[in-house]
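Each remark here refers to the structure printed beneath this line.
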Protein chains: 2
Amino acid sequence: MATGRTHRPATRSRGIPEATVARLPLYLRALTALSERSVPTVSSEELAAAAGVNSAKLRKDFSYLGSYGTRGVGYDVEYLVYQISRELGLTQDWPVVIVGIGNLGAALANYGGFASRGFRVAALIDADPSMAGKPVAGIPVQHTDDLEAIIEENGVSIGVIATPAGAAQQVCDRLVAAGVTSILNFAPTVLSVPEGVDVRKVDLSIELQILAFHEQRKAGEEAPGEGGADTTPPAAPPAAAVRRRGEGSEQGPDGDVPAVMPA
Amino acid sequence: MATGRTHRPATRSRGIPEATVARLPLYLRALTALSERSVPTVSSEELAAAAGVNSAKLRKDFSYLGSYGTRGVGYDVEYLVYQISRELGLTQDWPVVIVGIGNLGAALANYGGFASRGFRVAALIDADPSMAGKPVAGIPVQHTDDLEAIIEENGVSIGVIATPAGAAQQVCDRLVAAGVTSILNFAPTVLSVPEGVDVRKVDLSIELQILAFHEQRKAGEEAPGEGGADTTPPAAPPAAAVRRRGEGSEQGPDGDVPAVMPA
DNA sequence: CCGTCTTTGTGCACACGTTCACAAAGACAT
DNA sequence: ATGTCTTTGTGAACGTGTGCACAAAGACGG
């Protein structure tokens with residue numbers, strides 16, 4: 001099939017660690033706020049606090065970009081805003097298409113955060129013919145049939161998928177075939193893309209499930225005991241796999257979950 | 001100011017690595033699909049492909065939960081669905097409130113993925129009095145004044161913030177004070193919360209900026225040369241900090257950006 | 001009951017990310 | 001000029017995450 005990679009292989013693009021890249025927008029936001037208040041310089045300590053990170057981490061992050069600070073003083077806010085913007089590629093214009101103009105797609109189209117930083121909604125695309133022409137956020141919705149033409153005409157390289165899960169892969173394939181090389185996916189599916197195409201996903205459901213995990217843990221630690229059964233355990237495990245759980249490694253006292261396996 | 005932690009300290013909750021927890025929902029989704037197709041068992045290889053991860057990683061992830069597979073056969077789909085659901089705390093009901101019923105809040109309220117997995121939208125809350133009583137996704141919007149009462153009455157421990165950035169911290173503080181211990185933040189701000197409260201953020205703007213970074217890199221690698229200036233460089237750096245950029249390490253020729261998009 | 005064949009579970013090595021702690025750079029006062 | 005004081009930039013130690021590769025578990029056929 002040769003479908004290609006699904007996850008970016010953490011390319012460590014040209015020396016700047018992925019983790020650092022992911023934090024740059026955070027710093028940029030904090031710096032922009034300072035800039036608007038006409039604050040001339042800021043120390044790593046202050047900026048780190050504003051961005052919600054450790055100051056050593058922030059300094060190391062900046063060190064990957066070059067040495068833009070002045071010892072004993074801190075960082076020049078304006079200069080740093082510029083350097084980070086440039087590094088992130090925000091000094092240029094990025095036309096973006098949003099595919100799938102349902103509730104979410106419309107919300108995204110209306111989101112102000114787009115234009116603020118070099119991103120421009122070039123087109124809204126939906127498969128529903130009855131939506132064609134209707135303006136959403138001041139932009140007329142176009143039909144999926146014209147997807148390829150729209151991508152090409154506008155030189156779009158970033159696509160946002162806000163379709164139902166079932167349509168996502170197909171839309172993705174068409175976007176990629178038309179020349180899109182970066183995709184932000186809001187549909188709850190794993191997208192398969194060829195090498196060289198970046199996919200980032202935003203998944204409400206996954207985030208909530210992660211929160212639920214931690215929430216359950218908190219509850220379990222506070223109120224132990226509580227042998228109440230939750231739901232019916234499913235059938236039975238295949239054969240004889242109902243043992244073990246820590247295999248005598250770490251896990252000090254016991255080796256059981258807060259209140260597991262009823263039957 | 002003693003405001004408290006901003007980022008979860010990667011607590012390694014009871015032996016299950018954060019990275020694993022973040023993947024469990026992915027596995028669960030793939031397994032649910034298999035279950036609906038009445039597939040009885042699945043190998044780590046197949047399931048890994050469906051979830052878009054490496055099979056060794058998947059096996060290691062499952063090993064943290066216990067030994068639920070059968071060698072030579074694979075994993076029992078139904079059983080595994082149950083085990084993961086239980087581990088994630090999805091066998092119980094999680095009432096959730098959404099604060100800020102604008103475009104995004106409404107889209108979230110309408111999102112079907114909520115109910116599907118143990119999450120129930122217990123209430124919609126907005127600060128705009130004219131919205132009060134209006135039904136969104138079949139649920140009447142309530143006013144912010146009643147936030148505390150709503151949290152308490154429904155035993156809500158998970159809150160979703162979809163307000164403008166300016167209101168987010170204040171809403172967050174009220175949620176936490178009322179007993180919420182997990183927050184999913186869609187507002188583009190760094191939230192400050194006391195210890196023991198989990199915050200996860202979803203930030204469209206940050207995701208796009210990360211994509212733009214990689215996109216710029218790709219463009220720069222394909223079309224080198226191109227000494228075109230991008231935008232006006234800001235004033236001048238503070239003092240004498242206009243040197244270096246790789247400090248004679250990698251980065252062969254020059255030390256400037258690959259060469260940005262002409263126009 | 002034994003041999004073969006598939007697939008799990010995991011030890012190990014490596015890559016990546018985070019944090020500490022401190023030398024060196026520079027501002028600023030005297 | 002020289003000294004002091006602040007704050008950066010980074011070496012080094014540590015922790016977390018990933019992936020290979022393989023022994024052992026068990027299914028299944030004869």
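Here is the naming used below: chain letters follow the sequence lines, and residue numbers restart at 1 for every chain.
- Across the protein-nucleic acid pair, B/Leu24 atom CG and D/dG17 atom P stand 13 Å apart, rounded to whole Å.
- Taking atom NZ of A/Lys57 as the reference point, atom P of C/dA21 lies 17 Å away to the nearest angstrom.
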Check nucleotides 22-24 of chain D for protein N or O atoms closer than 3.5 Å to its own N or O atoms and list the pairs.
{"unit_1": "D/dA24", "atom_1": "N3", "unit_2": "B/Arg71", "atom_2": "NH1", "d": "3.0"}

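- Taking atom CG of A/Asp76 as the reference point, atom P of D/dT7 lies 16 Å away to the nearest angstrom.
- The nearest whole Å value for the distance from the CG atom in A/Leu58 to the C1' atom in D/dT7 is 13 Å.
- Here D/dT7 presents its C1' atom at 15 Å from CG of A/Leu80, a figure rounded to the nearest Å.
- To the nearest angstrom, C1' of D/dG15 lies 14 Å from CD of B/Glu18.
- Remark: A/Phe186 pairs with no residue by the ring-ring contact (aromatic ring centres under 6.0 Å, His included) rule, at least two apart or across chains.
- Candidate nucleotides C/dT10, C/dA27, D/dG17 were compared by shortest atom distance to the side chain of B/Pro17, and D/dG17 ranks first.
- Comparing A/Gly72 and A/Ala56, the nucleotide of DNA chain D nearest to each residue sits closer to the 5' end for A/Gly72.
- Qualifying side chain to side chain contact (heavy atoms under 4.5 Å, CB included) partners for B/Ala48, counting only residues two or more places apart in sequence or in other chains: B/Val53, B/Ser55, B/Leu58.
- Here the P atom of nucleotide D/dG9 and the CG atom of A/Leu65 are 10 Å apart, to the nearest Å.
- Look at A/Lys60 and you won't find any side-chain N or O under 4.0 angstrom from OP1 or OP2 of D/dT10.
- For the pair B/Asn54 and D/dC20, the criterion of a side-chain N or O lying under 4.0 Å from OP1 or OP2 is met.
- Note on B/Ser44: a side-chain N or O is less than 4.0 Å away from OP1 or OP2 of C/dT8.
- Aromatic ring centroids of B/Tyr75 and B/Tyr68 lie 6.0 Å or more apart.
- Per the geometry, CG belonging to A/Asp61 stands 14 Å off P belonging to D/dT8, to the nearest Å.
- Partners of B/Tyr27 by ring-ring contact (aromatic ring centres under 6.0 Å, His included), not counting sequence neighbours, listed by chain and number: B/Phe62.
- OP1 or OP2 of D/dG9 lies within a sub-4.0 Å distance of a side-chain N or O belonging to A/Tyr75.
- Here salt bridge (charged side-chain N to carboxylate O under 4.0 Å, His left out) pairs that include residues 20-33 of chain A, with residues two or more places apart or in two chains, are A/Arg23-A/Asp61, A/Arg29-B/Asp203.
- Residues satisfying the side-chain hydrogen bond (donor to acceptor under 3.5 Å, both in side chains) test with B/Gln170, not counting sequence neighbours, are none.
- A donor atom on one side chain and an acceptor atom on the other are not found under 3.5 Å apart for A/Gln169 and A/Ser192.
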